[in-house]
Each structure stands twice: as structure tokens, then as C-alpha cells.
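What follows is a short report on a single structure.
Per chain, numbering begins at 1; letters A, B, ... match sequence-line order.
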There are 2 protein chains.
Amino acid sequence: MNLKSLAQHLGISASTVSRVMAGRGDEFRIAKETQKHILDEAATMGVRPDELARSLRLQSTRTLGLVIPDISNPFFAALARAVERRARALGYTVLLADSQESSEVEAECIRMLLDRRIDGLILAPVGGDSAHLRPLIDSRLPLTQVDRVFAALKTAAVVADNFAGAREAVRRLVKLGHKRIACLQGREDSSVIAERVRGYRAGLSEAGLRFEKKFLAGGEHSIAIAREHTLKLLETRSRPTAILALSNQLALGALEAVRERGLVIPDDLSLIAFDEQPWASLLSPPLTTLAQPVEDMGTVAVDRLCAQIKPGAKASRKALTKLPVRLIERASIGPRKKD
Amino acid sequence: MNLKSLAQHLGISASTVSRVMAGRGDEFRIAKETQKHILDEAATMGVRPDELARSLRLQSTRTLGLVIPDISNPFFAALARAVERRARALGYTVLLADSQESSEVEAECIRMLLDRRIDGLILAPVGGDSAHLRPLIDSRLPLTQVDRVFAALKTAAVVADNFAGAREAVRRLVKLGHKRIACLQGREDSSVIAERVRGYRAGLSEAGLRFEKKFLAGGEHSIAIAREHTLKLLETRSRPTAILALSNQLALGALEAVRERGLVIPDDLSLIAFDEQPWASLLSPPLTTLAQPVEDMGTVAVDRLCAQIKPGAKASRKALTKLPVRLIERASIGPRKKD
DNA sequence: GTGAAAGCGCTAACAT
DNA sequence: ATGTTAGCGCTTTCAC
């Protein structure tokens with residue numbers, strides 16, 4: 001059932017039906033009576049305009065694409081939720097694609113979304129190389145990067161203040177007397193990790209502590225790898241008295257290692273982790289976290305994207321929005337014990 | 001840039017270009033040379049067929065819809081991931097919609113997906129009433145329900161064996177000597193919860209234990225509510241010595257309550273929870289869980305859906321696929337102490 | 001106030 | 001081996 005057959009059924013033209021169904025009956029001064037007729041019949045017959053045909057004709061889909069590296073990571077799940085909610089509020093639908101932490105899959109996702117003529121794209125890139133994003137940039141599709149971003153791409157971007165967050169965590173640990181503070185990182189080629197490491201180093205430097213290479217461990221976004229690296233970290237002769245884990249996944253790996261080694265938090269080791277999670281406060285002891293403003297990140301990303309989509313949009317909305325990170329202090333950190 | 005202009009540019013007809021771009025050049029015995037021409041030029045000019053126009057013409061979008069109640073629930077996030085992966089492998093794209101645990105939003109999501117002419121829908125209904133699904137059923141769109149299902153709807157469906165899982169948990173607790181076993185439930189009008197409660201009662205009954213209403217607590221899928229109900233549960237004079245939490249969210253609420261009351265697991269209380277999570281093994285003590293085969297559920301749901309989409313599909317693929325739940329025993333359960 | 005006709009970009013039936 | 005034509009369902013310009 002489509003508009004045309006509905007029109008035939010009612011003995012009027014498709015144009016009129018189309019106009020009324022688009023809610024523009026008054027605008028075209030179509031008789032109230034005719035309007036009511038159409039609307040009533042459409043409702044009872046369950047006729048709704050075909051979005052596909054509509055989009056083809058209008059060359060606009062009212063659809064946004066969202067590409068994230070891993071929907072099973074709670075941070076991205078929360079981000080997706082926020083994006084979806086905001087987009088819905090603005091009348092957009094979201095096409096979600098999971099790049100599975102792979103640039104190849106990411107490229108494929110983007111191609112697919114482009115084929116579907118999305119009106120704009122929110123992208124949390126996997127990281128590493130950005131060569132595969134060239135066609136996207138060239139397509140001039142409205143684009144906002146979020147979380148992980150390639151600064152060189154000069155697109156609108158929304159990130160957490162990863163630098164300040166990491167630095168604050170280190171400051172807090174320094175204040176507690178820690179001098180050997182390790183950092184457990186993820187993929188080094190991700191902007192998020194790079195910024196957090198920068199903040200970590202800045203925190204050390206402020207306190208007059210030397211950055212030690214052996215205290216910068218990790219390199220993968222995986223619980224298993226994080227566990228291994230932490231085990232190694234805890235083996236070193238003068239082992240760290242505090243660890244800053246740069247994501248919730250990494251924190252889980254670190255916690256496994258700590259448990260295996262039989263160490264006690266915070267007596268033997270203080271721990272701070274990025275990403276607030278429902279289970280953080282339930283660990284023994286409760287985990288100190290750096291809460292990212294994930295809800296805001298999603299909302300702002302949609303807003304910044306839609307600002308580009310609007311007809312009169314300036315081409316030059318390239319600014320980077322940086323949102324604050326909040327330290328939630330719990331019992332997983334404590335004063336450095338003599339050692 | 002589209003096929004037509006590419007055709008003009010090359011001085012050949014649009015049909016030929018279309019046929020070659022669809023990878024059917026040989027089938028139509030188009031000269032190898034012509035094919036190469038077209039493909040090369042398309043590649044360098046970055047021309048790709050418009051999926052919108054293609055879908056309109058073919059009346060098929062190669063798109064599946066997936067509606068889940070809450071993407072920020074790790075169970076559904078994992079499910080979405082599995083569905084996406086499988087669909088991609090079969091050449092489908094997934095449109096994901098989050099119904100935000102609301103039947104109204106669910107109805108809206110479904111309408112939106114229907115408007116976009118998806119080829120099939122995987123639905124994890126919010127639960128409660130199914131009246132709003134009538135138009136969906138009437139549309140005769142290939143449909144598979146997953147996780148939560150309305151049995152009355154007679155569609156293909158994929159669920160975990162919630163009954164057996166809950167029963168096994170109770171059996172295990174009974175074997176440890178527990179007699180006062182409570183159950184912390186979510187929305188009672190969800191088929192998942194109903195089945196788990198049924199399993200809980202079956203487990204009690206098998207052991208000759210009486211079902212006590214006051215030991216069946218909860219009624220909402222929320223950490224905060226679960227905490228409150230658990231607090232009440234632990235206040236009762238002869239309080240339970242074991243609790244079965246029917247989801248990971250509910251377990252988190254229960255754990256908060258236990259911590260607040262200053263009780264020790266498993267000495268004062270044994271705890272088993274549905275849903276395996278990365279943090280379950282890191283709690284003190286590690287949490288005994290009932291792992292759902294979420295990966296399989298997603299995969300099978302896609303397969304069952306695609307079986308309906310295939311041209312020669314039987315209209316009558318209404319069976320319910322039930323996948324096994326696995327008990328992962330950890331230190332959060334122990335023998336009943338004298339009390 | 002309403003209708004007829006053209007066209008969005010594609011593919012398939014029917015030419016040759 | 002390739003081209004011509006019609007039409008998927010919609011919106012919009014132009015006409016009355």
C-alpha cells in the first residue's frame with residue numbers, strides 16, 4: 001500500500017495525498033475536508049510514505065551514521081545510546097556500525113554508510129593510520145569525530161579532556177606520596193591514549209619525577225594483554241606503588257594481575273582507572289575512577305554534526321570541543337607505604 | 001557521480017554499466033574489455049551505485065532491523081555485536097534501534113524500520129503488552145524474536161534456556177544445604193524473568209522446599225531498585241541464606257545492599273547471578289554466574305531470520321530455539337552456615 | 001484547491 | 001554483446 005494506490009482509492013491525485021501526508025496541507029490550502037479524508041483513510045489502511053522513495057527524491061535521508069570500534073565496550077555502548085537519543089530528538093535515525101577495532105572494517109562501514117546516503121557521520125576512528133578516510137573527507141560529507149580523533153583531519157571533533165584527567169590522577173597519587181607511578185596504556189596510536197600518556201607524563205614532570213620507560217606498559221585494548229603487562233610490571237625489582245590504567249578494560253586486566261600476585265590494594269598498590277562503571281564501587285576496595293562525560297560527548301557530537309548539515313552551515317566548523325573528566329575518589333588509592 | 005553519468009562519460013548505456021557494476025558482466029556476456037573499462041573508470045572516479053535507488057528498484061534493502069531495549073546493558077550490547085557480525089557475513093547491514101525499555105518507543109522504532117523497508121526484523125521486545133506489535137505481525141515482515149519473547153505471537157524465536165538455568169542454580173544451592181533461597185527478579189511481565197522464576201520455583205519444589213512469596217523480590221531492571229529490594233530482603237527476621245539474582249544489573253544492586261549491610265559473602269549469604277561479565281571474577285569473592293550463550297543467540301537469530309527471507313521460505317518457521325545456559329561456579333556460594 | 005508530468009538513480013524485460 | 005524503455009514510490013514545478 002502506497003500513496004498512489006491510496007490516491008486512486010480516494011479518487012484524487014497522488015500529489016494532493018503527498019502534500020497532506022507531509023503535513024503541508026494547509027500550506028497548499030487543501031480543503032480541510034479533503035485533508036481529513038486522506039489522513040483518516042491512510043490511518044485505517046496503515047499507509048505510510050516509503051522512506052526509500054522519499055529519500056531518493058529528496059536526496060536526503062534524515063539518517064546519521066555512527067561508527068564505533070566496539071559496541072561491547074561499555075563506554076561506546078553508552079556513547080551510542082546518547083547519540084541515538086539526541087538524534088531521535090532532532091528527527092534523525094542512526095545507522096550504527098561496529099568497526100571491530102579494525103581499520104579495514106571501518107573503511108567498509110563507511111563505504112556502506114556512504115552508499116546509503118547518510119546525511120552526516122559521527123566517527124570514533126580505530127586509530128593508527130587515517131589513509132582510508134581520504135574518500136570520506138573528499139566526499140565532503142558532514143563529519144564529526146568523537147573520542148579518538150585524527151587532529152590532522154581538521155573536522156569537527158568532540159573529546160574528553162584526557163590530558164587533564166590523567167594529569168589530575170597523577171597529581172592525586174603524588175600528593176599521597178607515590179613516586180613510582182606506572183601507566184597501563186592501550187594502543188599507542190590512538191589519540192585518546194596519546195593524550196592520556198601526555199597527561200601522565202605532565203603530572204610526573206610537575207612533581208619533579210622522572211618518566212621511566214619501564215613504567216609505561218601495555219599497548220593493546222584487551223583484558224588479557226593488560227593482565228600480562230601488569231604481571232610484568234609487578235615483577236620488576238622496584239615495582240610501582242601506584243598504577244594508572246587508561247581504560248576500564250585495562251583496569252580489569254590489572255585487577256586480575258594484582259589478584260594473582262596476591263597483592264592488596266591500596267596497601268601494596270594504589271590503582272586509578274579511566275571510565276566510571278557500575279561495578280567500580282563494588283570492588284574490594286572500591287575503585288577510584290576518572291569519569292568521562294560520555295552522555296555529553298554523544299549529545300554534543302550530534303549537535304555539532306547537525307550544525308554542519310543545516311543548509312546555511314559554514315564549511316568551517318572545525319573546532320575541537322573538549323569536555324571535562326571527573327575524578328571519583330574511592331578506597332583503591334592510599335598513602336604510599338614505606339617499601 | 002552516478003552510473004548514468006559514468007555511462008555517458010564512457011559512451012555506453014546505463015544498463016551495461018549497471019550489469020557490470022553488479023558483478024554480472026559475465027552472465028550477460030559483456031566483453032571483457034568493456035568490463036575492464038567500466039570497472040577502472042568507476043574506481044578512479046569513485047562511482048558506486050546508489051543503494052537507495054537500488055533498493056527502491058529491487059524492493060529489497062539487504063538490511064535487517066534489530067530492536068533491543070537498552071544498548072547500555074552489556075548483555076544486549078554483546079547481542080547486538082553478534083547480530084551485526086553475522087549479518088555482515090551474510091551481506092546484510094543492520095539498523096539498530098534502542099527502545100529504551102519503553103513499548104511506545106519500541107513501536108516508534110518498528111515504524112521507522114518498516115518505513116525504511118528492512119528485509120527482516122530481530123526484536124527483543126520490552127515485554128508487558130504486545131498490542132503495539134499487531135501492525136508488525138500484519139505486515140508479514142520476516143520476524144524473529146530474541147531473548148524476551150511473546151510466545152503468543154507465533155514467530156520464530158531464540159531464547160536462552162532460562163528455566164533450566166535458574167533451576168540448576170537452585171539445585172546447586174540446595175546441594176550446599178540452603179533452605180531459604182531468595183530470588184531477585186526484574187520486570188515480571190518479561191518472558192525471560194517469568195521463565196527464570198518458573199525455574200527457581202521448580203528448583204525449590206524438587207527439593208521439597210516451599211515457595212515463599214516474601215523471598216521473591218524486585219520487579220524492575222534497575223540497580224537502584226534491586227538494591228532497595230535486597231535491603232528489605234535482608235531485613236526480614238529469618239532472612240535468606242542465598243540469593244539468585246536474575247540479571248547482572250540486579251546482581252549489582254544486590255551487591256550494593258550486601259555491602260551496606262556489612263554482610264560477608266558467602267559466609268552470611270551465597271549469591272548466584274545471571275549473565276557472565278568480565279568483572280564477575282574480580283569481585284571479592286568472585287561471583288558465581290549463569291552464562292548465557294549470547295554470541296550464539298545473536299548468530300542463530302540472524303540465521304533463523306534469513307531462513308524466512310529466502311525466496312523459497314516456508315511461511316511456517318515458528319519454532320522456538322532454546323540455547324543452554326552454563327553455570328560458572330565461583331567462591332560467592334558456599335555451604336549454609338548454622339543460623 | 002487540485003492535477004499532470006517529470007525525474008530522483010537504478011535494474012529488468014524486451015529489443016536487436 | 002549491448003541498448004531502449006519502463007517503472008520502483010515519491011515530491012515538485014507548472015498548469016488550470
N/O (side chain, [X]) to phosphate O (OP1/OP2, [N]) under 4.0 Å:
{"X": "Q59(A)", "N": "dT11(D)", "result": "no"}
{"X": "R24(B)", "N": "dT11(C)", "result": "no"}
{"X": "S13(A)", "N": "dG3(C)", "result": "yes"}

Under 3.5 Å side-chain donor-acceptor pair for [X] and [Y]:
{"X": "T93(A)", "Y": "R88(A)", "result": "no"}
{"X": "H221(B)", "Y": "E101(B)", "result": "no"}
{"X": "R117(A)", "Y": "S55(A)", "result": "no"}
{"X": "N2(B)", "Y": "S5(B)", "result": "yes"}
{"X": "H132(A)", "Y": "E106(A)", "result": "yes"}

Atom-pair distance ([atom1] on [X]; [atom2] on [N]), nearest Å:
{"X": "R117(B)", "N": "dC10(C)", "atom1": "CZ", "atom2": "C1'", "result": "17 Å"}
{"X": "I12(A)", "N": "dG1(C)", "atom1": "CD1", "atom2": "C1'", "result": "11 Å"}
{"X": "R62(A)", "N": "dC10(D)", "atom1": "CZ", "atom2": "P", "result": "19 Å"}

Residue pair R111(A), D115(A): steps toward the salt bridge (Lys or Arg N to Asp or Glu O under 4.0 Å) verdict: CA-CA 6 Å; R111(A) 256 197 309 275; D115(A) 290 348; over 6 Å; no
Heavy-atom donor-acceptor pair, R19(A) side-chain to dG3(C) base, under 3.5 Å: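 Flag set: donor-acceptor pair detected.
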Selection: residues 30-43 of chain A, any non-hydrogen atom under 4.0 Å of DNA chain C: I30(A), A31(A), T34(A)
Within-4.5 Å side-chain heavy-atom neighbours: L123(B) and L136(B): yes
Residue whose closest nucleotide on DNA chain D lies nearer the 5' end, G11(B) versus L56(A): G11(B)
Step-by-step side chain to side chain donor-acceptor pair (under 3.5 Å) determination, T16(B) to S13(B): CA-CA 6 Å; T16(B) 304; S13(B) 81; 3.2 Å; yes
5' priority, DNA chain C, between T16(A) and L52(B) [closest heavy atom]: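 Its nearest nucleotide being more 5', the pick is T16(A).
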Where do N or O atoms of nucleotides 5-7 of chain D meet protein N or O atoms at under 3.5 Å, pair by pair?
from: dG7(D); atom 1: N2; to: R57(B); atom 2: NH1; distance (Å): 3.2

Listed nucleotide nearest any side-chain atom of K4(B), set dG3(C), dC8(C), dT11(D): dC8(C)
